[in-house]
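See below for the structure under consideration.
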Amino acid sequence: MIERGEVDVCELWLQYIANGGNASQLEFEAFLYDASEPSALDLNLLGLTVRGLLAFRKPS
């Protein structure tokens with residue numbers, strides 16, 4: 001989604017926060033780009049966030 005320009009990191013992070021995440025934007029980007037290991041909770045919240053964004057995507 002990020003690589004295709006459908007969403008930017010800030011938007012993804014804000015949705016993650018709205019879903020209950022508590023990592024800072026810097027921490028979030030670190031586990032997005034494999035610089036650190038997310039907790040199981042953060043990994044689940046990221047999955048929830050991505051699925052939610054995909055559900056509201058307009059078909060191409």
Side-chain angles (χ1 to χ4, degrees):
M1 293 177 78
I2 293 171
E3 290 176 358
R4 292 187 305 252
E6 296 170 0
V7 65
D8 65 22
V9 173
C10 186
E11 181 182 357
L12 188 60
W13 175 69
L14 288 172
Q15 286 300 122
Y16 155 84
I17 292 294
N19 285 328
N22 62 4
S24 70
Q25 187 172 358
L26 185 61
E27 293 168 324
F28 181 79
E29 287 187 46
F31 60 72
L32 258 187
Y33 295 108
D34 292 326
S36 72
E37 186 73 27
S39 68
L41 175 61
D42 285 323
L43 200 53
N44 286 333
L45 289 172
L46 180 56
L48 175 71
T49 300
V50 169
R51 285 189 302 275
L53 288 172
L54 287 172
F56 290 102
R57 242 179 67 197
K58 293 179 182 175
S60 10

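- Following chains of ILVMFWY side-chain contacts shorter than 4.5 Å, one can reach F31 starting from L41, so the two form part of one hydrophobic cluster.
- Both L54 and L32 are part of a single hydrophobic cluster, where members link through side-chain heavy atoms under 4.5 Å apart.
- With rounding to the nearest 0.5 Å, the separation of CD in Q15 from CG in L48 is 9.5 Å.
- With sequence neighbours left out, N19 forms a side-chain hydrogen bond (donor to acceptor under 3.5 Å, both in side chains) with T49.
- Note: F28 CZ to N22 CG = 12.0 Å, rounded to the nearest 0.5 Å.
- Rounding to the nearest 0.5 Å places CG of L45 at 7.5 Å from OG of S39.
- A distance-only check finds no donor-acceptor pair linking the side chain of E29 to the backbone of L26 [under 3.5 Å].
- With sequence neighbours left out, S36 forms a side-chain hydrogen bond (donor to acceptor under 3.5 Å, both in side chains) with no residue at all.
- Linking ILVMFWY residues whenever their side-chain heavy atoms come closer than 4.5 Å, directly or via other members, places Y33 and L12 in the same cluster.
- Listed by chain and residue number, nothing satisfies the side-chain hydrogen bond (donor to acceptor under 3.5 Å, both in side chains) test with E11 (two or more places apart in sequence, or in another chain).
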>> For V50 and V7: C-alpha separation, side-chain torsions, deciding distance, then whether side-chain contact (heavy atoms from CB on, under 4.5 Å) applies.
In response: CA-CA 10 Å; V50 169; V7 65; over 6 Å; no
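- A donor-acceptor pair under 3.5 Å is formed between the side chain of W13 and the backbone N or O of A23.
- Distance check, rounded to the nearest 0.5 Å: CD of Q25 to CD1 of I17 gives 9.0 Å.
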